[in-house]
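This report concerns only the one structure given below.
We number each residue from 1, following the sequence as shown. Order of appearance sets the numbers: ligands from 1, and atoms from 1 within every ligand.
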Amino acid sequence: MQELVFATNNAHKLEELRRITGDKFTILSLSDIGCHEDIPETADTLEGNARQKARFVKEKYGYDCFADDTGLMVDALGGAPGIYSARYAGPGHDSRANMALLLANLEGETHRSARFVTCICLIKDGEEHIFEGRVEGEILTAPQGDAGFGYDPVFRPDESDRSFALMSADEKNTISHRGRATAALLDYLLNR
Ligand code: ITT
């Protein structure tokens with residue numbers, strides 16, 4: 001079976017990817033290849049950050065790999081938190097604080113449309129390829145459910161009347177930003 005390194009420090013993303021790729025690929029984690037450091041993310045776009053993370057692993061560890069950068073874009077907040085989604089409430093990755101700040105900043109706002117966008121950069125056989133997936137929806141007024149991760153409890157996709165955090169992993173993956181970006185990645189890898 002083909003092996004691919006997923007350059008992420010987010011265990012939830014890794015779990016989602018493994019579930020989506022199923023038995024088509026073996027997805028190796030950063031610890032599987034002996035990488036235990038924080039990978040810099042200093043670009044000003046999702047695509048730039050995805051490229052930066054994948055290049056870091058390729059250049060330092062020598063593996064063909066892919067990286068995902070994801071952002072939640074909220075229209076009433078001018079596209080925030082966007083590329084700063086992981087550290088919206090400050091340094092670190094505290095989802096509870098990030099969601100609390102998002103809900104506070106949207107207090108009283110009726111226009112709550114938003115989207116998740118995932119950009120995947122694949123480095124394979126000396127070439128870079130970009131794949132994107134997005135899902136439109138809205139930010140709820142209070143968290144619903146505790147499945148998933150990150151902003152899942154406060155995001156309801158247009159295709160459903162429930163938040164991502166009230167869905168099974170398979171239900172979320174069928175319509176999510178990451179599910180769609182990964183489908184494009186798999187289509188490329190399996191059909192090129
Ligand atoms: P890596 O960079 O190591 O891959 P990260 O957690 O820093 O992991 P991102 O830079 O892509 O990931 O940050 C995006 C943040 O957006 C992430 O920390 C979550 O809080 C949130 N997020 C990403 N995907 C999500 C999803 O499917 N559902 C809900 N929130 C998500």
Hey, which atoms in ligand 1 end up nearer than 4.0 Å to a heavy atom of Asp69? 9 (P), 10 (O), 11 (O)

Is the shortest distance from a Lys or Arg side-chain nitrogen in Arg156 or Asp161 to a carboxylate oxygen in the other one below 4.0 Å? no

Establish, from distance only, whether the side-chain atoms of Glu136 and Ser113 form a donor-acceptor pair under 3.5 Å. no

For ligand 1, which atoms sit closer than 4.0 Å to a heavy atom of Lys53? 1 (P), 2 (O), 4 (O), 10 (O)

Using 4.0 Å as the upper bound for N to carboxylate O, is an ion pair formed by Arg115 and Asp75? yes

Glu41 to ligand 1: N or O pair under 3.5 Å? yes

In terms of side-chain geometry, is the basic nitrogen of Arg18 or Asp32 positioned less than 4.0 Å from the acidic oxygen of its partner? yes

Which one holds for Phe116 and ligand 1: side chain close, backbone close, both close, or neither close, with close meaning a heavy atom under 4.0 Å? side chain

Atoms in ligand 1 with a heavy atom of Asp152 nearer than 4.0 Å: 26 (C), 28 (N), 29 (C)

Could you tell me if any non-hydrogen atom of His12 lies under 4.0 Å from any atom of ligand 1? no

Examine Lys172 against ligand 1 and note whether any of their N/O atoms are separated by less than 3.5 Å. yes

Sub-4.0 Å heavy-atom approach of Phe164 to ligand 1: no

Hey, is Arg180 close enough to Glu132 for a salt bridge, meaning N to O under 4.0 Å? no

Hey, can you tell me if Phe6 and Phe66 have their rings parallel, tilted or perpendicular (30° and 60° cut-offs)? parallel

Tyr84 atom OH, neighbour heavy-atom count above 12 within 6.0 Å: no

Return a yes/no value for Glu16: is any of its N or O atoms, backbone included, closer than 3.5 angstrom to an N or O of ligand 1? no

